[in-house]
Protein chains: 2
Amino acid sequence: MANLKQLAQSLGLSITTVSRALDGYADVSASTRERVREAADKVGYRPNASARRLRRQRAELVAVTLPSDPGHIGPPHFLDMLSGCAEHLAAAGLNLVIAPVPRGESELDICRRFVDGRRVDAMLLVRTKRKDERVEFLQSRGIPFVTNGRTESLMPHPYIDGDGFAGFRAATLRFHAAGHRRIGHIAGPQEYYFAHDRCRGWRAAMEECGLATDLYAEGAPLEQGGYLAALELLRQPSRPTALVCATDEMAIGALRALREVDGGNQISIVGHDDLPMGAFTSPPLSTMRMTGENLGASFASLLLRAIAGEPAEELQELHAIEFVDRDSHRRPLRAA
Amino acid sequence: MANLKQLAQSLGLSITTVSRALDGYADVSASTRERVREAADKVGYRPNASARRLRRQRAELVAVTLPSDPGHIGPPHFLDMLSGCAEHLAAAGLNLVIAPVPRGESELDICRRFVDGRRVDAMLLVRTKRKDERVEFLQSRGIPFVTNGRTESLMPHPYIDGDGFAGFRAATLRFHAAGHRRIGHIAGPQEYYFAHDRCRGWRAAMEECGLATDLYAEGAPLEQGGYLAALELLRQPSRPTALVCATDEMAIGALRALREVDGGNQISIVGHDDLPMGAFTSPPLSTMRMTGENLGASFASLLLRAIAGEPAEELQELHAIEFVDRDSHRRPLRAA
DNA sequence: CTTGACTCCCAAAACGTTTTGGAGAATCTT
DNA sequence: AAGATTCTCCAAAACGTTTTGGGAGTCAAG
């Protein structure tokens with residue numbers, strides 16, 4: 001209820017002095033500062049956010065656009081990431097607003113609305129595509145942003161990403177070393193950078209080993225997509241003995257296909273994301289995950305540094321992928 | 001870049017007229033209105049959000065507090081709900097900000113910050129406790145809010161909840177009708193309303209059937225909690241033949257315990273939430289879910305109506321629970 | 001006594017919008 | 001033809017803060 005004017009009046013001081021006292025300026029005496037602070041605490045004064053934002057020309061807000069398509073939004077721990085990010089942004093006085101894409105609008109429309117209405121100081125982009133129009137738009141407007149996932153944009157921009165190429169190459173080589181020769185890949189939609197990157201890793205390893213890359217199937221990055229893709233691979237005349245899946249959700253769908261077609265437990269499989277659920281599937285799902293603690297905090301830090309004006313080149317984090325050894329990747333290899 | 005002043009100048013009109021033209025007031029002629037609209041479109045004018053908020057005395061923001069504890073935030077489809085809610089709020093010009101609880105602060109502190117700093121027009125509360133201090137605070141401040149889950153607050157407040165009592169009672173009676181007599185309950189932390197409500201449903205059914213309620217174990221509402229709770233029940237001298245679990249995540253943890261101890265497939269089990277993952281477990285997990293389409297839209301609608309001043313009594317939705325018949329709830333019943 | 005530095009405070013402007021309360025011109029009514 | 005009404009438009013106030021550019025005092029040095 002209280003605003004600066006009322007508070008100042010009750011103290012017999014000017015608005016200016018009260019404002020500066022609360023902000024800790026040196027040009028107000030220690031005694032008045034204390035007096036002001038006490039009075040402010042007593043009436044529970046908090047500056048009106050809108051007024052401050054208008055005057056300071058800052059929105060104190062960061063938006064993250066949530067892709068609506070297809071199905072789930074990122075891996076299930078995505079919300080944990082957002083939450084961590086929001087928490088660290090809050091420490092710097094910024095709040096995180098979520099911006100889903102209403103039907104009939106594009107993700108670009110959303111960016112436009114937020115940026116041109118000066119509703120945000122920065123943006124967080126997830127689920128980047130290889131060619132991502134949002135990135136181009138934000139670069140043209142000069143608004144700070146960070147992406148989760150790289151893009152093929154020519155101009156560098158801040159991002160955090162996992163080295164899917166290296167991770168999937170290593171996983172494929174691991175299968176090869178274990179004796180597998182028919183190693184299939186269940187891929188996500190190739191327009192997404194992460195899906196393409198992971199696919200490239202598998203492909204590179206296969207070619208290094210002199211193996212054909214025909215055991216390939218693509219699907220939506222969900223259980224159902226993995227299920228259908230796995231069925232497709234299992235129909236091939238020469239079945240795979242091992243499967244490298246673009247995501248854990250797809251791998252879990254594939255596990256179901258294996259159970260149905262194969263009785264299960266015959267084909268080795270590995271996913272990516274380290275979903276908590278993976279420890280509880282049957283067999284427990286071996287997987288990969290991006291190294292690094294508290295991804296949300298990293299995003300927050302990059303966003304703050306981008307807002308502070310650091311150049312994009314210094315705000316790019318490529319994290320190694322580590323293997324999570326459960327059980328599903330070492331099914332006994334039958335003689336070919 | 002453009003503001004009202006510049007736009008007005010370039011058109012040779014006053015700020016007032018331009019503003020009212022864009023807002024579609026009748027007291028500006030159709031021709032000027034059109035002229036103004038065209039010019040605004042051309043320069044891509046969008047009103048400055050902060051200025052509008054200050055003048056209108058509305059934050060155009062709704063906050064949802066994210067509990068940080070324990071572990072996951074709500075069921076995995078929680079983000080879908082938030083996204084749907086944000087989408088419908090956006091259609092009314094409101095954005096949804098997520099407000100995680102930093103360590104060292106309480107959920108109450110967050111509410112205070114948002115409400116007293118006039119940063120929001122309303123709040124969305126999730127994971128209500130039976131006695132929830134946030135509810136009391138918001139009621140005392142007279143700020144509109146909606147909770148996901150009821151509370152034991154004496155003053156009525158808007159909520160959306162599933163009828164966990166009826167759902168769990170029905171599930172327990174179903175097991176009884178199938179011949180089960182030793183029906184266990186894996187419960188969530190009882191301070192949460194939903195956990196308590198579901199537990200009461202199981203307990204009521206057991207008592208109606210004249211069965212003892214000693215097969216009870218409590219745990220964190222996560223896979224691990226369900227796993228440990230199930231192990232506890234399986235250690236009892238007289239094992240349960242069926243398990244009613246407070247959440248799917250707990251049920252999935254319990255499934256793992258059953259596999260380890262029992263070889264699996266001997267004990268019937270049912271969860272709640274209808275996680276997509278449940279269709280892919282082994283055996284596929286029978287579960288329950290709240291009826292009703294697009295929960296997020298319902299929350300948005302209730303929030304808007306609460307902001308519009310409708311009384312709390314008319315903003316309470318209790319949804320029926322429906323059974324989702326997969327396979328895990330009809331394991332063959334061995335002779336006792 | 002004057003000057004300069006320093007301390008503590010404040011009036012006023014500014015941020016960009018919406019809204020209030022008319023003003024002037026044109027049109028209608030009688 | 002005069003008054004009433006309707007159409008268009010606008011100046012100015014207001015929202016609550018931060019920041020600019022001083023203005024009184026006080027004190028020490030010259």
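Quick note on labels: first sequence line is chain A, next is B, and so on, each numbered from 1.
- The CG atom of A:Leu13 sits 11 Å away from the P atom of C:dA11 (whole-angstrom rounding).
- B:Asn3 places its CG atom 9 Å from the P atom of C:dC15, with the value rounded to the nearest Å.
- Closest-nucleotide positions on DNA chain D for A:Arg20 and A:Leu4 were compared, and the one nearer the 5' end corresponds to A:Leu4.
- Between B:Ile15 atom CD1 and C:dA14 atom P there is a gap of 13 Å when expressed in whole angstrom units.
- Here the nucleotide nearest the side chain of B:Tyr25, chosen from D:dC10, D:dT17, C:dT19, is C:dT19.
- Here C:dT19 is the nucleotide among C:dC8, C:dT19, C:dG16 with the atom lying nearest to any side-chain atom of B:Thr16.
- Put simply, A:Thr17 has a side-chain N or O that comes within less than 4.0 Å of OP1 or OP2 on C:dC10.
- At least one side-chain nitrogen or oxygen of B:Ser29 sits closer than 4.0 Å to the OP1 or OP2 atom of D:dC9.
- Looking at A:Ser29 and A:Thr32, their side chains do bring a donor and an acceptor atom within 3.5 Å of each other.
- A:Asp116 places no side-chain N or O within 3.5 Å of a backbone atom of B:Arg46 that could act as its donor or acceptor partner.
- Per the geometry, CD belonging to A:Gln6 stands 10 Å off P belonging to D:dC15, to the nearest Å.
- Atom CG of B:Leu11 is separated from atom C1' of D:dT8 by 15 Å (rounded to the nearest Å).
- Considering all non-hydrogen atoms of both residues, A:Ala195 and A:Pro189 come closest at CB-O, 3.2 Å.
- Look at CG on A:Leu7: it is 14 Å from P on D:dG16, rounded to the nearest Å.
- A donor-acceptor pair is defined here as one N or O able to donate and one able to accept, closer than 3.5 Å; such a pair exists between the side chain of B:Asp132 and the backbone of B:Arg134.
- Taking the side-chain contact (heavy atoms from CB on, under 4.5 Å) definition, one finds that A:Thr17 meets it with A:Leu13, A:Ser14, A:Val28, sequence neighbours left out.
- Distances shorter than 4.0 Å separate some side-chain N or O of B:Ser19 from OP1 or OP2 on C:dT18.
- Residues from residues 33-59 of chain B that place a heavy atom under 4.0 Å from any atom of DNA chain D, listed by number: B:Leu54, B:Arg55, B:Gln57.
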Could you tabulate the donor-acceptor pairs under 3.5 Å formed by side-chain atoms of residues 311-318 of chain B, not counting sequence neighbours?
from, atom 1, to, atom 2, distance (Å)
B:Gln316, NE2, B:His157, O, 2.9
B:Glu317, OE1, B:His319, NE2, 2.8

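- No hydrogens or angles were tested; on distance alone, a donor-acceptor pair under 3.5 Å links the side chain of A:Asp27 to the base of C:dC9.
- Judged by distance alone, with hydrogens and angles left aside, the side-chain atoms of A:Thr65 form no donor-acceptor pair with the main-chain N or O of A:Ala99 at under 3.5 Å.
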